[in-house]
Amino acid sequence: MEYYLVKWKGWPDSTNTWEPLQNLKCPLLLQQFCNDKHNYLSQVKKGKAITLKENHRALKPAIAEYIVKKAKQRIALQRWQDELNRRKNHKGMIFVENTVDLEGPPSDFYYINEYKPAPGISLVNEATFGCSCTDCFHEKCCPAEAGVLLAYNKNQQIKIPPGTPIYECNSRCQCGPDCPNRIVQKGTQYSLCIFRTSNGCGWGVKTLVKIKRMSFVMEYVGEVITSEEAERRGQLYDNKGITYLFDLDYESDEFTVDAARYGNVSHFVNHSCDPNLQVFNVFIDNLDTRLPRIALFSTRTINAGEELTFDYQMKGSGDISSDSIDHSPAKKRARTVCKCGAVTCRGYLN
């Protein structure tokens with residue numbers, strides 16, 4: 001008879017018991033057990049003409065160890081997923097998935113919904129004026145006051161070219177929450193999945209639903225730091241082969257967003273030299289042109305299950321950042337190899 005070692009929820013390992021199959025009323029856990037066992041055997045014996053039958057008396061220690069680690073990882077990822085969904089303030093749900101390796105939740109990452117200013121930096125999130133429109137599509141609204149066009153059409157899709165700033169209605173405007181010029185401020189509307197990639201790019205993000213072209217997908221948030229501090233951190237990140245720094249260079253180059261420790265789902269979005277997301281500068285309650293919000297919009301229709309990517313060298317101006325592609329020896333920065341696999345791949349992230 002087959003017996004299974006059972007860890008009882010809420011009880012220590014010392015109370016684990018061996019149970020026959022008829023005592024187990026947990027088909028999902030049993031299926032996961034079988035899947036984990038099969039996946040381990042497939043990985044270890046890949047390419048060998050062998051049978052997947054094991055000793056009937058006991059699992060090999062390596063297999064048992066893997067199954068336990070996988071079960072603990074699954075619990076840890078579920079807890080992290082629950083925490084992310086408690087912390088988020090937008091409609092779209094966040095899911096977490098790792099079918100590739102035993103990597104668990106990041107140990108030094110804190111989910112935030114908006115910019116976190118570093119000590120000494122002040123973010124004034126209160127507009128000085130707002131519109132009094134009854135129909136923001138046809139009246140002189142906030143974008144017109146700023147000297148730019150309304151960014152969206154009636155399908156909530158962006159209609160302005162990259163490099164053009166977005167001015168949304170703010171807290172002082174008399175229009176309501178259903179105003180067609182309130183898109184980015186409502187947050188992510190799509191359910192997204194943070195998943196472990198199989199191509200060596202670590203975590204990535206995929207959409208679980210179809211996203212129409214030119215639609216708002218997410219904001220890029222993190223810790224707002226000075227450009228001098230960004231230069232110091234950048235050298236550390238380059239040596240580790242990671243990059244989370246986003247220069248706020250819409251009009252000046254005083255500040256940078258660092259999403260390494262503090263961020264949202266965008267922290268996990270990978271780079272591509274042929275991305276499906278485009279960067280736009282957004283102004284809502286904070287009209288300081290040195291501190292735009294960073295919004296990511298789809299460049300084309302993105303199907304459910306497809307990974308989301310943006311170009312790490314593309315800035316809100318719509319151009320490639322000259323700082324990012326400065327290859328002069330004077331910078332003495334470690335180069336990070338790009339793994340995006342695009343036909344147009346530039347070879348490096350920086």
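The structure presented is a predicted model; accordingly, all values stated were derived computationally and were not measured.
Listed by first and then second residue, the ring pair (Phe, Tyr, Trp, His ring centres under 6.0 Å) pairs that reach into residues 117-146 come to none, sequence neighbours excluded. Evaluation of the salt bridge (Lys or Arg N to Asp or Glu O under 4.0 Å) test over residues 277-295, restricted to residues two or more places apart or in two chains, returns Glu219-Arg293, Glu254-Arg290, Asp288-Arg290.
Enclosure of atom CD in Glu126 is not indicated, since only 12 or fewer non-hydrogen atoms of other residues, nucleotides or ligands lie within 6.0 angstrom. Around the NZ atom of Lys210, the shell of radius 6.0 Å holds no more than 12 heavy atoms that belong to other residues, nucleotides or ligands. Residue Arg300 places its CZ atom among more than 12 non-hydrogen atoms of other residues, nucleotides or ligands, all under 6.0 Å distant. Taking a 6.0 Å sphere around NZ of Lys7, one finds it holds more than 12 heavy atoms contributed by other residues, nucleotides or ligands. Counting heavy atoms of neighbouring residues, nucleotides and ligands inside a 6.0 Å radius, atom NZ of Lys91 does not exceed 12 of them.
The backbone N or O of Asp101 sits less than 3.5 Å from a side-chain atom of Lys70, completing a donor-acceptor pair. Of the possible polar contacts, one joining the Ser227 side chain to the Asp253 backbone as a donor-acceptor pair under 3.5 Å is found. Listed for the Asp108 side chain is no donor-acceptor partner under 3.5 Å among the backbone atoms of Arg261. Panel note: side chain Gln278, backbone Pro162; no donor-acceptor pair is recorded below 3.5 Å. Glu306 places a side-chain N or O within donor-acceptor distance of the main-chain N or O of Asn303, the cut-off being under 3.5 Å. Listed for the Asp274 side chain is no donor-acceptor partner under 3.5 Å among the backbone atoms of Ala342. Panel note: side chain Gln157, backbone Asn153; no donor-acceptor pair is recorded below 3.5 Å. In this structure, Ser132 contributes its side chain and Gln174 its backbone to no donor-acceptor pair below 3.5 Å. A donor-acceptor pair is defined here as one N or O able to donate and one able to accept, closer than 3.5 Å; no such pair exists between the side chain of Glu103 and the backbone of Val100. Checked by atom type and distance alone, the side chain of Gln156 never pairs as donor or acceptor with a backbone atom of Ser215 at under 3.5 Å.
Minimum heavy-atom separation, Gln73 to Asn98: NE2-ND2, 3.0 Å. Cys193 approaches Glu97 most closely through the heavy-atom pair SG-CB, 3.7 Å. Residue Cys169 comes nearest to Ile284 through the heavy atom pair O-CG2, 3.5 Å, listed as atom of the first residue, atom of the second, then distance. When all heavy atoms of Cys340 and Ser272 are compared, the closest pair comes out as CB-CA, 3.7 Å. Nearest heavy atoms, Thr344 versus Cys273: OG1-O, 3.6 Å.
Exactly one residue among Ile302, Asn270, Val269 makes a side chain to side chain contact (heavy atoms under 4.5 Å, CB included) with Glu307. That residue is Asn270. The one candidate from Asn264, Asn85, Leu192, Thr188 that meets the side chain to side chain contact (heavy atoms under 4.5 Å, CB included) condition with Ile94 is Asn85. Partner Ile211 forms a side chain to side chain contact (heavy atoms under 4.5 Å, CB included) with one of Leu277, Val217, Thr301 and no other, that one being Val217. Remark: of the listed residues Tyr262, Tyr115, Tyr244, Tyr115 is the sole one forming a side chain to side chain contact (heavy atoms under 4.5 Å, CB included) with Val257.
A heavy-atom distance below 4.5 Å is found between the side chains of Val148 and Pro143. Looking at heavy atoms from C-beta onward, Lys159 lies out of side-chain contact with Met214 at the 4.5 angstrom threshold. The shortest distance between side-chain heavy atoms of Cys338 and His271 falls below 4.5 Å.
Ring geometry for Tyr4 versus Phe33: interplanar angle over 60°, hence perpendicular rather than tilted (30 to 60°). Between Phe297 and Phe280, the angle of the ring planes goes over 60°, which puts this pair in the perpendicular group of the 30/60° scheme. By the 30° and 60° cut-offs, the orientation of the rings of Phe109 relative to Trp80 is perpendicular.
A salt bridge is absent between Arg86 and Glu83; no separation between the charged side-chain nitrogens and carboxylate oxygens falls under 4.0 Å. Between Lys69 and Glu65, at least one side-chain nitrogen of the basic residue sits less than 4.0 Å from a carboxylate oxygen of the acidic one, meeting the salt-bridge criterion.
A distance of 5.5 Å separates OG1 in Thr299 from CG in Asn276, rounded to the nearest 0.5 Å.
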Note to self: Using the rule given for side chain to side chain contact (heavy atoms under 4.5 Å, CB included), can you reason through Cys141 versus Asn181, listing the C-alpha separation, both sets of side-chain angles and the distance that settles it, and then say yes or no?
What the structure shows: CA-CA 9 Å; Cys141 192; Asn181 194 33; 4.1 Å; yes
Query raised in the report: Does the side chain to side chain contact (heavy atoms under 4.5 Å, CB included) test come out yes or no for Lys88 and Asn113, once each step is laid out?
Result: CA-CA 6 Å; Lys88 73 173 179 64; Asn113 293 293; 4.3 Å; yes
His267 and Trp203: CA distance, side-chain angles, deciding distance, side chain to side chain contact (heavy atoms under 4.5 Å, CB included) verdict
CA-CA 9 Å; His267 166 98; Trp203 295 103; over 6 Å; no
Applying side chain to side chain donor-acceptor pair (under 3.5 Å) to Asp36 and Gln32, what does each step give before you reach the verdict? CA-CA 6 Å; Asp36 291 343; Gln32 288 175 342; over 6 Å; no
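In the hydrophobic cluster analysis, where Ile, Leu, Val, Met, Phe, Trp and Tyr join through side-chain heavy atoms closer than 4.5 angstrom, Leu123 is grouped together with Tyr110.
A search for ring pair (Phe, Tyr, Trp, His ring centres under 6.0 Å) contacts involving Phe283 returns Tyr167, Tyr250, not counting sequence neighbours.
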